[in-house]
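Side chains are part of it too, since the values below use all heavy atoms of this structure and drop only hydrogens, waters and symmetry mates. Residue numbers run from 1 in the order of the sequence given.
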Amino acid sequence: MISLWSAVGRRAVRRPQAPVMYGLIALCCLIFLIGPASGLSPAYGSGDELLAVQRAYFRHWGVIPAELFEGSPRAALTPATALFVHGSWVHLLGNMLFLYVFGVMTEERMGRVEFTLFYLGCGYLALLGYAAANARSEQSLVGASGAISAVLGAFLFLFPRARVTSLLPFLFFLPLRFPAWVVLPFWVALQWLAAGRAPSGPGVAYLAHLVGFGLGFAYAWARFGRTTRVKVAPAPAPEGENQP
C-alpha cells in the first residue's frame with residue numbers, strides 16, 4: 001500500500017498560534033496513554049487478557065454501525081467519543097502528525113470556536129457516513145481520521161498554494177515540495193483506491209476519510225468562498241481632463 005507523509009514547509013508559511021489544535025492533540029495523547037491500547041499500564045494485564053480489555057474498550061467508546069441506528073442514546077454519542085480514541089501508537093502518531101501540520105493555519109483562519117465546532121461536527125458526520133454505508137457491521141470504529149480529513153479538505157480550499165513537503169515511498173522517500181493542490185488531491189486518490197479494495201473486516205476506514213475530506217472542503221467553500229470586493233478609487237485624471 002502506497003503511503004504519503006506530508007508536512008508544510010516552515011519557511012513557506014508562518015506558524016500562528018492554535019490553542020484548540022494543541023489541546024486536541026494533548027487530549028488524544030492523554031486518553032491513549034491512560035487507556036489499554038497503549039499497553040503501558042499493568043492494570044490492564046497482558047497477553048490475551050489485555051486483548052480482551054482492548055476489544056471491550058473499543059466497543060464501549062467506538063462506533064459500532066449495527067448498533068448506531070437502533071435508537072440508543074449511548075450509541076448516538078459514540079461518533080463523538082470515538083474521535084478521541086486510537087487503536088495503536090501508529091494510528092495515534094499518524095493522525096496527530098496530520099492534525100499538527102494542517103490544523104494550525106486552518107484554526108487561525110476559522111477562529112477557535114468555529115474550528116472546534118467544525119472539527120467535532122465534521123468528525124461526527126464522517127463516522128456517521130461510514131456507519132451508514134456499513135450498517136450491518138459489528139466492527140468497532142475509533143480514531144480522529146474523519147475529523148482530520150475534514151481539516152485537510154478545508155486546508156486545500158483555504159491554502160491551495162501552500163508548499164507541502166512530501167516523502168513518497170516509490171520515489172525512495174526523497175523530500176519533494178509541492179503545492180497543497182497537488183499533494184492533497186493525490187492523498188484523496190490514494191484513499192479512494194484503498195477504499196475500493198478495503199476488506200469488510202477490521203482495518204482502516206478509508207470511506208470515513210473521504211467523507212470527512214469532502215465535508216471539510218464543502219464547508220470551507222460555503223463559508224469562505226465568497227471573496228470581499230474592494231472598491232478601488234480611480235486614478236486622478238490628467239490636468240484638463242474630466243473623470244467619468
Side-chain angles (χ1 to χ4, degrees), residues 1-4 6 24 28 31-32 37 54-88 90-92 94-99 102-103 106 116-157 183-223:
M1 181 61 194
I2 298 175
S3 60
L4 172 67
S6 55
L24 289 170
C28 287
I31 291 174
F32 180 79
Q54 290 175 345
R55 286 193 293 268
Y57 179 78
F58 296 146
R59 289 190 67 85
H60 181 77
W61 297 108
V63 177
I64 302 176
E67 299 178 0
L68 183 59
F69 301 104
E70 294 180 352
S72 167
R74 191 201 69 81
L77 290 176
T78 55
T81 59
L83 293 176
F84 301 94
V85 179
H86 291 82
S88 67
V90 173
H91 189 199
L92 173 73
N95 276 349
M96 295 306 100
L97 171 64
F98 272 81
L99 179 57
F102 296 100
T106 306
T116 303
L117 296 176
F118 163 81
Y119 181 91
L120 296 176
C122 288
Y124 187 102
L125 292 176
L127 295 179
L128 190 66
Y130 175 89
N134 299 272
R136 297 182 180 179
S137 175
E138 294 284 347
Q139 297 293 334
S140 56
L141 176 65
V142 297
S145 301
I148 296 171
S149 296
V151 174
L152 268 62
F155 187 95
L156 175 61
F157 182 84
V183 174
L184 292 179
F186 178 69
W187 177 86
V188 171
L190 292 179
Q191 306 306 300
W192 181 272
L193 293 174
R197 297 183 297 177
S200 57
V204 180
Y206 296 104
L207 180 59
H209 300 178
L210 294 171
V211 173
F213 188 91
L215 288 171
F217 188 90
Y219 177 86
W221 175 79
R223 173 70 173 83

(request) Assign the ring pair Tyr219 / Phe118 to parallel, tilted or perpendicular, where the plane angle (0 to 90°) is split at 30° and 60°. (result) tilted
(request) Search all heavy atoms of Ala154 against all heavy atoms of Ala220 and return the closest pair with its distance. (result) CA-CB, 3.8 Å
(message) So which atom in Ser149 and which in Trp187 form the shortest heavy-atom distance, rounded to 0.1 Å?
(response) OG-CH2, 3.3 Å
(request) Would you mind reporting whether Ser145 and His91 have side-chain heavy atoms less than 4.5 Å apart? (result) yes
(request) Measure the shortest side-chain to side-chain distance between Phe213 and Leu156 over non-hydrogen atoms and say whether it is less than 4.5 angstrom. (result) yes
(message) On a heavy-atom basis, which atom in His86 and which in Ala37 lie closest, and how many Å separate them?
(response) O-CB, 3.5 Å
(message) Between Tyr57 and Val85, does the side chain to side chain contact (heavy atoms under 4.5 Å, CB included) criterion hold? Intermediate values first, please.
(response) CA-CA 9 Å; Tyr57 179 78; Val85 179; 3.7 Å; yes
(message) Please give me the minimum heavy-atom distance between Arg74 and Arg59, naming the atom from each residue.
(response) NH2-O, 4.3 Å
(message) With a 3.5 Å distance limit and no angle check, can you tell me whether Arg55 reaches the backbone of Ser140 through a side-chain donor-acceptor pair?
(response) no
(request) Report the C-alpha separation of Leu24 and Leu83 in whole Å, then their side-chain angles, then the decisive distance to 0.1 Å, and conclude whether the side chain to side chain contact (heavy atoms under 4.5 Å, CB included) test is met. (result) CA-CA 10 Å; Leu24 289 170; Leu83 293 176; over 6 Å; no
(message) Do Leu128 and Phe69 make a side-chain contact, defined as non-hydrogen atoms from C-beta onward lying under 4.5 Å apart?
(response) yes
(message) Would you say that Thr78 contacts Ile64 through its side chain, given a criterion of any heavy-atom pair below 4.5 Å between the two side chains?
(response) no
(request) Can you see which heavy atom on Ala144 is nearest to which on Asn95, and at what distance? (result) N-ND2, 3.6 Å
(message) Contact between Trp61 and Val142 at the side-chain level, heavy atoms closer than 4.5 Å - yes or no?
(response) no
(request) Quick one: pull up CZ in Phe58 and CD in Gln139 and give me the separation to the nearest 0.5 Å. (result) 12.0 Å
(message) Tell me if the CZ atom of Arg136 is crowded by more than 12 foreign heavy atoms within 6.0 Å.
(response) no
(message) Are the side chains of Leu92 and Cys28 in contact, using a 4.5 Å heavy-atom criterion?
(response) yes
(request) Find out whether Leu68 and Pro79 are in side-chain contact, i.e. whether some heavy atom of one side chain is under 4.5 Å from a heavy atom of the other. (result) yes
(request) For residues Tyr130 and Ala205, report the shortest heavy-atom separation together with the two atoms involved. (result) CE1-CB, 3.7 Å
(message) Please report the interatomic distance CG(Asn134) to CG(Leu141), rounded to the nearest 0.5 Å.
(response) 9.0 Å
(request) State, yes or no, whether a side-chain contact exists between Tyr119 and Ile148 at a heavy-atom distance under 4.5 Å. (result) yes
(message) One pair to check against side chain to side chain contact (heavy atoms under 4.5 Å, CB included): Leu152 and Phe217. What are the steps and the verdict?
(response) CA-CA 8 Å; Leu152 268 62; Phe217 188 90; over 6 Å; no
